[in-house]
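These numbers come from a predicted model, not from an experiment.
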Amino acid sequence: MSNITAAQERTRQWLESQQDDLESLAESSVVDSVNDLEERFSAHTFTEQEDTEDDVYTDEEISTTALGTQLGVKTDTYIQDLRDLMNSINNIQTVGNVSISNSTNVHIGNVTNINGSIHVHALSRKSNKRRTRRKASLETPSEKKEECSSHEGELLESEERINSDVFIAQQKFKLPKELCAIVPRHSWLAQRPMEEPTKLQRPVKYVVILHTATEHSVKRAINVRLIRDIQCFHIESRGWNDIAYNFLVGCDGNIYEGRGWETVGAHTMGYNKKALGIGFIGCFMRELPTADALSMSRNLLQRGIEEGHIAKDYRLICHCQCNSTESPGRRLFEEIQTWPHFYNIAQDEQR
């Protein structure tokens with residue numbers, strides 16, 4: 001009995017002597033394991049030769065730290081990027097074999113919710129370009145000549161590359177307003193003509209200006225809807241083969257293809273087989289179309305002359321001069337009278 005008591009006393013004394021070491025070990029085990037793990041991964045660079053099964057699977061145990069555990073980081077530590085932010089929020093953990101079946105919306109691991117907006121800034125290369133230009137200005141003519149000859153192929157290759165900064169910071173290329181781009185029929189989802197269209201004899205002698213007597217818009221999507229409604233009305237209600245106009249002009253500054261250059265229209269009785277019909281989308285009794293719409297319509301006439309669709313000495317007339325109608329609207333009719341090639345039918349008949 002005395003031997004057992006003596007053994008217990010020796011064990012108690014040993015535990016008391018090791019109490020301080022055990023407490024310090026318990027406090028630092030988590031921090032040491034995390035620091036060792038980070039140092040091991042930061043100091044080691046994986047390559048394709050090292051990425052083998054023996055390197056991936058190890059028997060070492062990795063301890064975990066709970067979210068919010070103080071790791072002795074100074075309060076003035078600066079988080080440099082989003083990766084450091086995520087590492088400071090999430091806790092390190094390991095997951096063993098997991099088997100999941102017949103489940104949806106399953107997430108394993110930590111979930112980080114950030115309340116607020118995250119801004120991603122794209123760094124431009126303007127500063128580098130400035131330094132390059134300054135360096136080039138300090139070089140002597142002989143040095144510049146040698147450098148150009150040695151790097152001629154490299155410069156040609158770099159010119160063909162696409163610079164992403166162009167699309168982020170600014171619009172590099174802009175179409176000149178004097179160009180007349182025509183939106184084709186398939187872009188506004190036009191129906192096919194009900195019958196085979198009749199060919200128009202070109203170059204035409206007359207060009208008739210009309211308006212659609214509908215609402216107008218500076219947005220392309222709305223103009224597309226309006227044109228489709230007009231085509232449906234002309235085919236189903238009027239019984240015509242297709243939309244009446246050869247071209248339509250939107251207040252968004254776009255020219256939309258109707259029947260086109262080569263097809264007889266159904267816009268003006270008595271002039272369909274010898275004239276092109278250009279309809280402005282909208283009703284212009286008290287106001288004019290936008291400046292872009294007027295400019296593009298003049299460009300369309302010039303393009304028609306250059307491509308041989310319109311005669312060089314063509315006559316520009318309005319719908320109200322040929323039929324009893326308000327089209328193209330009183331305000332637009334006053335504007336068209338100031339354009340070149342305007343033809344006054346009434347004065348010609350009086351002569």
Using a 4.5 Å cut-off on heavy atoms from C-beta on, say whether the side chain of Arg225 contacts that of Ile222.
yes
Show the atom names and distances, to 0.1 Å, of all donor-acceptor pairs under 3.5 Å that link a side chain in residues 269-283 to residues at least two apart or in another chain.
| unit_1 | atom_1 | unit_2 | atom_2 | d |
| --- | --- | --- | --- | --- |
| Asn272 | OD1 | His267 | N | 3.0 |
| Asn272 | OD1 | Thr268 | N | 2.8 |
| Asn272 | ND2 | Thr268 | O | 3.3 |

In the structure I gave you, are the side-chain heavy atoms of Ile310 and Val207 within less than 4.5 Å of one another anywhere?
yes
Whether the side chain of Gln231 engages the backbone of Ile243 through a donor-acceptor N/O pair (distance < 3.5 Å, no angle test) should be reported.
no
What closest approach, in Å, do Arg259 and Ala266 show between heavy atoms, and which atom pair accounts for it?
NH2-CB, 3.8 Å
How far apart are the closest heavy atoms of Val264 and Lys199, and which atoms are they?
CG2-O, 3.5 Å
Using only atom types and a distance under 3.5 Å, with no angle test, would you say the side chain of Arg286 pairs donor to acceptor with the backbone of Arg331?
no
So, the side chain of Arg185 versus the backbone of Gly258: is there a donor-acceptor pair under 3.5 Å, distance only?
yes
Non-hydrogen side-chain atoms of His341 and Leu301 separated by less than 4.5 Å
no
Looking at SG of Cys320 and CG of Leu210, how far apart are the two atoms once the value is rounded to the nearest 0.5 Å?
9.5 Å
Heavy atoms only: give me the nearest Tyr343-Gln321 pair and the separation to one decimal.
O-NE2, 3.0 Å
Measure the CG-NZ distance between Asp313 and Lys205 for me, rounded to the nearest 0.5 Å.
3.5 Å
In this structure, would Tyr256 and Phe233 fall into the same cluster of hydrophobic residues linked by side-chain contacts under 4.5 Å?
no
Indicate the atoms forming the closest heavy-atom contact of Cys251 with Ser217, along with that distance.
CB-O, 3.4 Å
Who else is in the cluster with Val218 when I, L, V, M, F, W and Y are joined by side-chain contacts under 4.5 Å?
none
Check whether any side-chain heavy atom of Phe284 lies under 4.5 Å from a side-chain heavy atom of Glu334, and answer yes or no.
no
On a heavy-atom basis, which atom in Cys322 and which in Ile345 lie closest, and how many Å separate them?
SG-CD1, 4.2 Å
Heavy-atom count around Arg330 CZ within 6.0 Å, excluding the residue itself: above 12?
no
Drop me the distance from Leu226's CG to Thr214's OG1, to the nearest 0.5 angstrom.
5.0 Å
So, Ser187 side chain and Val183 main chain: donor-acceptor pair closer than 3.5 Å or not?
no
What I'd like to find out is whether the side chain of Pro289 reaches to under 4.5 Å of the side chain of Val249, using heavy atoms alone.
no
Would you find a donor on one side and an acceptor on the other, under 3.5 Å apart, between the side chain of Asn241 and the backbone of Met194?
yes
Can you establish whether the number of heavy atoms outside Gln201 located under 6.0 Å from its atom CD is more than 12?
no
So Leu300 and Met296, do their side chains get closer than 4.5 Å, heavy atoms only?
no
Using a 4.5 Å cut-off on heavy atoms from C-beta on, say whether the side chain of Ile209 contacts that of Phe342.
no
Donor-acceptor contact present, side-chain Trp240 to main-chain Gly265, <3.5 Å:
no
Given side chains that start at C-beta, do those of Thr212 and Tyr245 come closer than 4.5 Å, heavy atoms only?
yes
Taking all atoms of both residues into account, what is the closest heavy-atom pair of Gln191 and Asp242, and its distance?
O-OD1, 4.4 Å
Are a donor atom and an acceptor atom from the side chains of Thr325 and Ser327 found within less than 3.5 Å of each other?
no
